[in-house]
Protein chains: 2
Amino acid sequence: MTRWSIGDLAKASGLTVRTLHHYDEIGLVVASERTPSGHRRYTPDDVRRLYQVRSLRQLGLSLEEVRSALSRSDSLRPIFEAQLASLTAQAQHVEALRSRLTALLDGHTPESLLSTLEMMSVHESYFTADQLGDLRSRAAALGPEAVEALKASWLELVARLRQHMADGTPPSDPRVVELARQWDELGAKFTGGDAAVQAAAQRSWEENKASISSRIGWPADDGLVEYVTRARAAR
Amino acid sequence: MTRWSIGDLAKASGLTVRTLHHYDEIGLVVASERTPSGHRRYTPDDVRRLYQVRSLRQLGLSLEEVRSALSRSDSLRPIFEAQLASLTAQAQHVEALRSRLTALLDGHTPESLLSTLEMMSVHESYFTADQLGDLRSRAAALGPEAVEALKASWLELVARLRQHMADGTPPSDPRVVELARQWDELGAKFTGGDAAVQAAAQRSWEENKASISSRIGWPADDGLVEYVTRARAAR
DNA sequence: GCTTGAACCTCACGCCACGGGAGGTCCTAC
DNA sequence: GTAGGACCTCCCGTGGCGTGAGGTTCAAGC
């Protein structure tokens with residue numbers, strides 16, 4: 001009566017038999033006794049240990065962390081603090097994903113989602129994470145409608161420039177120069193006119209200019225960038 | 001020049017060569033061409049697809065979700081909404097863990113952490129999640145010091161009752177009856193005197209009483225519970 | 001005492017998204 | 001022609017179990 005079969009213990013603890021097998025296999029919660037035929041018999045001490053393991057698991061610790069937590073029970077506090085830090089990081093990560101997704105869902109038609117994503121992806125090759133964070137918070141400050149308007153302008157601008165490029169229009173053509181001016185203007189709006197952010201973006205651009213063709217991985221875009229650069233120079 | 005080697009593409013995209021191998025293996029991003037000797041050559045279309053995949057992955061989608069998102073590009077919105085719901089659930093889960101951990105860290109000496117965790121674990125066998133939520137928010141309302149004081153009293157009470165039980169003191173003994181009265185009083189304090197919460201706890205207890213010995217998985221505790229029950233009856 | 005069905009046992013593969021290494025071939029620059 | 005880096009395929013490992021397969025043992029009813 002003071003020994004528990006694996007099935008009864010599973011029901012009592014809310015875990016599965018397989019889980020208890022696993023804990024036994026890895027030596028985390030071992031049944032101290034066996035019947036002559038090999039069936040596991042859990043003692044009250046085993047059961048108590050299982051409950052400790054379950055508690056620690058419910059705090060999100062890994063099995064290895066649980067093991068070390070139970071091996072030196074005086075050092076629970078640092079383990080918990082580390083776990084809390086890890087959870088905080090996770091929470092921030094999840095929140096970042098959530099805000100990205102809500103921004104996308106709020107401001108885009110289904111058709112524009114993929115192209116926007118591609119743009120974002122390419123941008124993340126140009127800019128550092130910090131700089132992107134700046135840009136994003138600026139976008140949040142502008143509000144979804146304004147950002148949506150800016151993005152629409154941007155897509156239109158890129159489409160027109162690509163067409164001129166495909167048509168062989170020289171970069172010095174006044175129409176192209178005007179589009180390049182709009183490109184820079186839009187860029188300024190994206191950075192919110194904030195000189196620091198703008199300078200950071202500019203600096204990132206300058207520093208990476210030489211290696212951009214090997215980093216972007218999207219040749220057509222490189223052509224566009226150079227095209228705009230030449231048009232800007234012709235101004 | 002319009003074809004990319006796997007190493008160059010890895011550098012450009014920030015992924016590893018092994019990851020690109022993996023995407024190729026599972027048919028997610030396949031190099032459309034190969035050199036005669038078998039080296040992968042990625043075309044601009046492949047590269048664009050890779051960037052789409054990377055974008056969607058950065059939103060937290062699984063590779064399978066990415067695959068289906070790219071196969072029918074018009075249905076991105078429902079996929080994103082599902083992902084947002086999943087992320088919201090994750091965020092709530094992480095937040096719950098965080099609040100548990102901070103509560104533990106704020107209100108406990110290292111020595112009491114494990115026993116408290118065991119208690120929590122056992123309690124979660126007695127009560128439903130909702131009822132525990134009630135108890136927790138009540139605990140939050142009381143403030144950490146009051147809760148700590150209550151828990152300390154509780155541990156002391158349990159220790160004394162166990163000792164009496166081990167000593168063979170009959171449950172009808174006035175000292176045990178008094179301890180049982182304190183037990184009920186403490187229970188009332190845990191529920192904050194809120195009749196509804198108290199009734200819920202009581203109801204949970206009554207309903208599960210018959211099967212508790214098989215559900216708790218901790219025989220010593222069962223003995224204690226019955227001991228208190230008998231003492232309460234003797235009052 | 002016998003039967004039957006539930007509970008138990010030990011392998012052992014599968015999941016997900018790759019990491020990492022072994023052992024061999026290929027490409028490019030000097 | 002040779003060195004060394006980049007590339008190839010194959011395969012095992014991760015965490016925390018789920019899910020069988022195929023065989024043994026237990027407990028209850030006859």
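Labels below follow one simple rule: chain letters A, B, ... track the order of the sequence lines, proteins then strands, and each chain is numbered from 1.
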(request) In whole angstrom, give the distance that lies between atom CG of A/Leu50 and atom C1' of D/dC17. (result) 15 Å
(message) Just the rounded figure in Å: distance from P of D/dG16 to CG of A/Leu56.
(response) 13 Å
(request) Flag the pair B/Arg57 and B/Glu65 as a salt bridge only when some basic side-chain nitrogen lies within less than 4.0 angstrom of an acidic carboxylate oxygen. (result) no
(message) How about NE2 on B/His21, more than 12 heavy atoms from neighbouring residues, nucleotides or ligands closer than 6.0 Å, or not?
(response) yes
(message) For a quick check, with a 4.0 angstrom heavy-atom cut-off, what is the B/S/- contact string for nucleotides 5-19 of chain C, read 5' to 3'?
(response) ---SSB-B----BBB
(request) Calculate the interatomic distance between B/Leu20 atom CG and D/dA6 atom P; express it in whole Å. (result) 15 Å
(request) Please answer whether the main-chain N or O of A/Tyr42 pairs with a side-chain N or O of A/Glu33 as donor and acceptor at a distance below 3.5 Å. (result) no
(request) Check step by step if salt bridge (Lys or Arg N to Asp or Glu O under 4.0 Å) holds for A/Asp8 and A/Arg3. (result) CA-CA 10 Å; A/Asp8 290 345; A/Arg3 305 299 126 135; over 6 Å; no
(message) Could you tell me if A/Arg41 and A/Ser5 have a donor-acceptor pair between their side chains, going purely by distance under 3.5 Å?
(response) no
